Amino acid sequence: FLLIEFYDEWAWTLATVAVPFIRDDLGLTYAQVGLLLGWPLLVSSVIEPVVLLLGDTPLRSRVMVGGGFVVGGAFALAGGAESFAMIIAAMTLAASASGAFVSLSQDVMIGSHPARENEMMARWTAAGTVGDLLGPAALAAVVALGASWRASFVVLAAAGVALAWLLRAKLEFPPLDGRLSVKSIL
């Protein structure tokens with residue numbers, strides 16, 4: 001679970017510091033840059049409450065793993081984006097799926113150690129801080145090696161999918177017996 005938090009912070013700080021490279025490569029205007037930085041967060045803040053409600057149902061494991069695969073796929077799409085529409089769609093998808101992957105992972109980790117909540121949150125915060133610090137450093141290393149921002153997004157995609165596979169192996173998937181309804185979610 002700590003790797004997921006590390007990944008989330010690493011990915012989003014890397015993506016944020018890559019914006020000047022993305023702007024130059026795709027010929028974005030400053031208005032488009034502003035939308036690229038804000039729109040995905042706005043959309044995810046509308047979608048995430050619904051996703052988090054699903055996390056309180058027997059679908060939790062499926063939602064978490066699916067969120068990881070979607071985040072990884074979205075970063076792959078972003079790395080291959082050839083237009084503003086493609087990059088903003090990919091980043092909006094990644095931001096919207098991130099809550100399923102990351103927030104629910106945090107909930108499971110903390111819930112698995114009820115007597116050690118403070119310790120678990122401290123570890124979670126530390127993992128995120130390391131990810132925050134390494135995101136810009138990773139992009140700098142990729143650029144120093146002569147690769148483009150796109151290579152960084154391919155790495156983010158592969159790491160996201162790998163973490164989703166690891167998570168899939170660690171979680172239990174309760175059978176769905178058809179009793180899931182809107183009433184059971186709310």
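Here the structure is a predicted model, which is why all the values come from computation and not from measurement. Each residue takes its place number in the sequence, starting with 1.
- Leu163 has its side chain within reach of Leu166: a pair of non-hydrogen atoms, C-beta onward, lies under 4.5 Å apart.
- One hydrophobic cluster, built from ILVMFWY side chains closer than 4.5 Å, cannot hold both Val143 and Val154; they sit in different ones.
- Of the inter-residue distances, the one linking Glu48 atom CD with Leu53 atom CG reads 11.0 Å to the nearest 0.5 angstrom.
- Side chains of Phe21 and Arg150 form no contact here, defined as non-hydrogen atoms less than 4.5 Å apart.
- Annotation: Arg168, atom CZ; neighbour count of heavy atoms from other residues, nucleotides and ligands within 6.0 Å does not exceed 12.
- How far CD of Glu82 is from CG of Leu26: 7.0 Å, rounded to the nearest 0.5 Å.
- Across all non-hydrogen atoms, the minimal contact from Ala90 to Ala78 is CB-N, 3.5 Å.
- No side-chain heavy atom of Trp149 sits under 4.5 Å from any side-chain heavy atom of Val142.
- The shortest distance between side-chain heavy atoms of Leu3 and Tyr7 does not fall below 4.5 Å.
- No continuous path of hydrophobic side-chain contacts links Leu77 to Trp12 [ILVMFWY only; heavy atoms under 4.5 Å].
- With sequence neighbours excluded, no residue satisfies salt bridge (charged side-chain N to carboxylate O under 4.0 Å, His left out) with Arg23.
- Counting heavy atoms from C-beta outward, Met109 and Leu2 have side chains that approach closer than 4.5 Å.
- Among residues two or more places apart in sequence or in another chain, the ring-ring contact (aromatic ring centres under 6.0 Å, His included) test is passed with Phe69 by Trp165.
- Around atom CG of Asp24, more than 12 heavy atoms belonging to other residues, nucleotides or ligands sit under 6.0 Å away.
- When the side chains of ILVMFWY residues are joined at heavy-atom separations under 4.5 Å, either directly or via intervening members, Val70 and Leu171 end up in two distinct hydrophobic clusters.
- Applying the ring-ring contact (aromatic ring centres under 6.0 Å, His included) rule to pairs touching residues 88-135 yields nothing, sequence neighbours excluded.
- Under the 4.5 Å side-chain heavy-atom criterion for grouping Ile, Leu, Val, Met, Phe, Trp and Tyr, Leu156 is connected to Leu37 within one hydrophobic cluster.
- For Ala76 against Ala157, the heavy-atom pair with the smallest separation is N-CB, 3.5 Å.
- Gly72 and Val161 get closest at one heavy-atom pair: CA-CG2, 4.1 Å.
- Distance check, rounded to the nearest 0.5 Å: CG of Leu134 to CD of Glu9 gives 11.5 Å.
- Using a 4.5 Å heavy-atom threshold, the side chains of Met121 and Ile110 count as touching.
- Nearest approach of Val51 to Leu104, heavy atoms of both residues: O-CD1, 4.3 Å.
- With values rounded to the nearest 0.5 angstrom, Leu35 atom CG is found 13.5 Å from Met91 atom CE.
- Identified under the salt bridge (charged side-chain N to carboxylate O under 4.0 Å, His left out) test for residues 120-145, with sequence neighbours left out: Glu119-Arg123.
- A 4.5 Å side-chain heavy-atom check between Phe153 and Ile22 finds at least one atom pair inside the cut-off.
- Residues Leu139 and Ser152 come closest through the heavy atom pair CD1-OG, 3.4 Å.
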Identify every side-chain donor-acceptor pair in residues 40-47 under 3.5 Å, counting partners at least two apart or on other chains, and give the distances.
{"from": "Ser44", "atom 1": "OG", "to": "Pro40", "atom 2": "O", "distance (Å)": "3.3"}
{"from": "Ser44", "atom 1": "OG", "to": "Leu41", "atom 2": "O", "distance (Å)": "3.0"}
{"from": "Ser45", "atom 1": "OG", "to": "Leu42", "atom 2": "O", "distance (Å)": "2.7"}

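- For the ring-ring contact (aromatic ring centres under 6.0 Å, His included) test, no residue two or more places apart in sequence or in another chain qualifies with Trp39.
- For the pairing with Asp8, the side chain to side chain contact (heavy atoms under 4.5 Å, CB included) check across Ser103, Ser105, Ser98 returns one residue only, Ser98.
- Between Met64 and Ile4 the shortest side-chain heavy-atom distance does not fall below 4.5 Å.
- Taking the six-membered ring for Trp and thresholds of 30 and 60 degrees, Phe6 and Trp10 have nearly parallel ring planes, at less than 30 degrees apart.
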